[in-house]
Amino acid sequence: MGDAHPVTGQVFESPVPPGAGWPGDPATRHTPVAGSGEEVLTLAASATDVPELDARVSVCRACPRLVRWREDVATTGRRASFADQPYWGRPGPGFGDPDAEVLVVGLAPAANGTNRTGRMFTGDRSGDWLYAALHRGGYANQPQSWAAGDGLVLTNLRIVAAVRCAPPDNKPTTAEKATCAPWLDRDLALAAPRLRSVLALGAIGWDAFLGSARRSGWVVPKPKPKFGHGSETVLTTPAGREVRLVGSYHVSQQNTFTGKLTEPMLDAVVNRLGE
């Protein structure tokens, strides 16, 4: 038994088995699965390209608490408005252009957003804000994203997260962030030869990117650049290329509903990514 996908109508179990035909699923049933921090490190470092990295991310089971939570939400904890839909219930792989010059770094998937759709920032109000801004900025072909397979395409921009599984209360532990960090490190290594700019959503995204850059041998300004909306700093890759890091308040409802983050504020930082 299962439920019908909202775009394709195909019936899927929840969580969705890798290689079952979910729109955009990068994995197959043969994709190696990380079951520990050591295995995350090994599988991340040996991923030869973005598709292989995304596939390995999407089946990771290294953090028992996060695996339990994401699968509990996918089976018994679904939001009532999505109760008739299948839930991805797996880590959120990166999404967008594998050859992008711009990287967006968020915090973690939402329990009823990415954890349901299988695509970063899809299916919730945060995604509504982000993709509308990316559309206005010329990076997205449409302003809305509601399910994997809905036609959304990103050009010259890729979205990843500091933590790839939906965490309880949106709060991953320090250990979980450390276990997940090699995935971001490999994303950074694969992007570095062409990367021009990075948009960090929220202080956690900002800190995660700076930490990854340091581990990857980049030159990071000292003292540590402070996060703020519109904050900007320049980092240098081991190859000597300069990459601009721009900060934005996160597109969470807490920020958008209260007016802490407005559309003009978000547009302003998105527009700076191509400068």
Side-chain angles (χ1 to χ4, degrees), residues 15-71 73-74 87-100 103-111 113-123 127 148 154 157-167 170 172-173 175-192 195 198 200-201 204-205 208-209 211-212 215-216:
V16 178
W22 187 272
D25 186 352
T28 72
R29 59 189 181 88
H30 302 296
T31 300
V33 179
S36 67
E38 289 184 359
E39 290 176 351
V40 169
L41 190 61
T42 299
L43 291 177
S46 61
T48 57
D49 55 25
V50 167
E52 184 175 38
L53 176 64
D54 284 342
R56 294 178 176 188
V57 165
S58 76
V59 296
C60 183
R61 301 184 66 85
C63 297
R65 186 183 80 114
L66 298 187
V67 171
R68 269 195 316 273
W69 172 253
R70 78 190 194 208
E71 295 186 354
V73 172
Y87 268 56
W88 173 254
R90 287 163 44 194
F95 173 66
D97 188 342
D99 298 317
L103 196 65
V104 175
V105 181
L107 166 56
T114 299
N115 193 55
R116 174 175 58 88
T117 68
R119 189 168 68 192
M120 287 291 180
F121 285 102
T122 296
L154 299 182
L157 183 141
R158 173 170 158 81
I159 303 175
V160 298
V163 174
R164 307 303 172 103
C165 291
N170 294 319
T173 66
E176 288 162 352
K177 286 187 281 189
T179 297
C180 209
W183 299 128
L184 182 59
D185 293 351
R186 189 59 181 157
D187 256 312
L188 189 54
L190 292 171
L195 195 62
V198 177
L201 298 175
I204 292 178
F209 181 79
S212 182
R215 290 189 299 272
S216 302

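A distance-only check finds a donor-acceptor pair linking the side chain of D54 to the backbone of G94 [under 3.5 Å]. Side-chain atoms of E176 never come within 3.5 Å of backbone atoms of P172 as a donor-acceptor pair (strictly under, hydrogens ignored). Side-chain atoms of R186 come within 3.5 Å of backbone atoms of A47 as a donor-acceptor pair (strictly under, hydrogens ignored). Although no hydrogens or angles enter the test, the distance criterion places no donor-acceptor pair under 3.5 Å between the side chain of S58 and the main chain of P91. The backbone N or O of T114 sits nowhere less than 3.5 Å from a side-chain atom of T122 that would complete a donor-acceptor pair. At distances below 3.5 Å, not a single donor-acceptor pair connects side-chain atoms of R56 with backbone N or O atoms of A44. In terms of modelled atom types and a separation under 3.5 Å, the side chain of D25 and the main chain of G19 share a donor-acceptor contact. Within the 3.5 Å criterion, the main-chain N or O of T117 finds a donor-acceptor partner in the side chain of W22. Using a distance-only test at 3.5 Å, with no hydrogens or angles considered, no donor-acceptor pair links the side chain of S212 to the main chain of A208.
Side-chain contact between W69 and C63: absent, with no pair of heavy atoms (C-beta onward) separated by less than 4.5 Å. Between L184 and R164, some side-chain heavy-atom pair lies under the 4.5 Å cut-off. For the pair P18/R90, a side-chain contact is recorded, criterion being any heavy-atom separation below 4.5 Å from C-beta on.
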Check the pair L201 / L107 against side-chain contact (heavy atoms from CB on, under 4.5 Å), numbers first and verdict last. CA-CA 7 Å; L201 298 175; L107 166 56; over 6 Å; no

Candidate pair L188 and V198, rule side-chain contact (heavy atoms from CB on, under 4.5 Å), full reasoning: CA-CA 10 Å; L188 189 54; V198 177; 5.6 Å; no

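Annotation for P109 and P167: closest pair O-CD, 3.7 Å, computed over non-hydrogen atoms. The minimum heavy-atom distance between P93 and G118, with the atom names listed, is CD-O, 3.8 Å. Summarising the geometry of A62 relative to V40, their closest heavy-atom pair is CB-CG2, 3.6 Å, with the distance given to 0.1 Å. In plain terms, the two heavy atoms of L157 and L154 that are nearest each other are O-CB, 3.6 Å. Closest non-hydrogen pair, Y87 versus A111, comes out as CE2-O, 3.8 Å. Of all heavy-atom pairs between G89 and P15, the closest is O-CB, 3.7 Å.
Here the rule is side chain to side chain contact (heavy atoms under 4.5 Å, CB included) with P98, and of D49, L53, V50, L190 only V50 fits it. Among D99, D187, D97, the single residue meeting the side chain to side chain donor-acceptor pair (under 3.5 Å) criterion with R158 is D187.
How far CZ of F95 is from CE of M120: 11.0 Å, rounded to the nearest 0.5 Å.
Salt-bridge annotation for E71 and R61: present, with a side-chain N of the basic residue lying under 4.0 Å from a carboxylate O of the acidic one.
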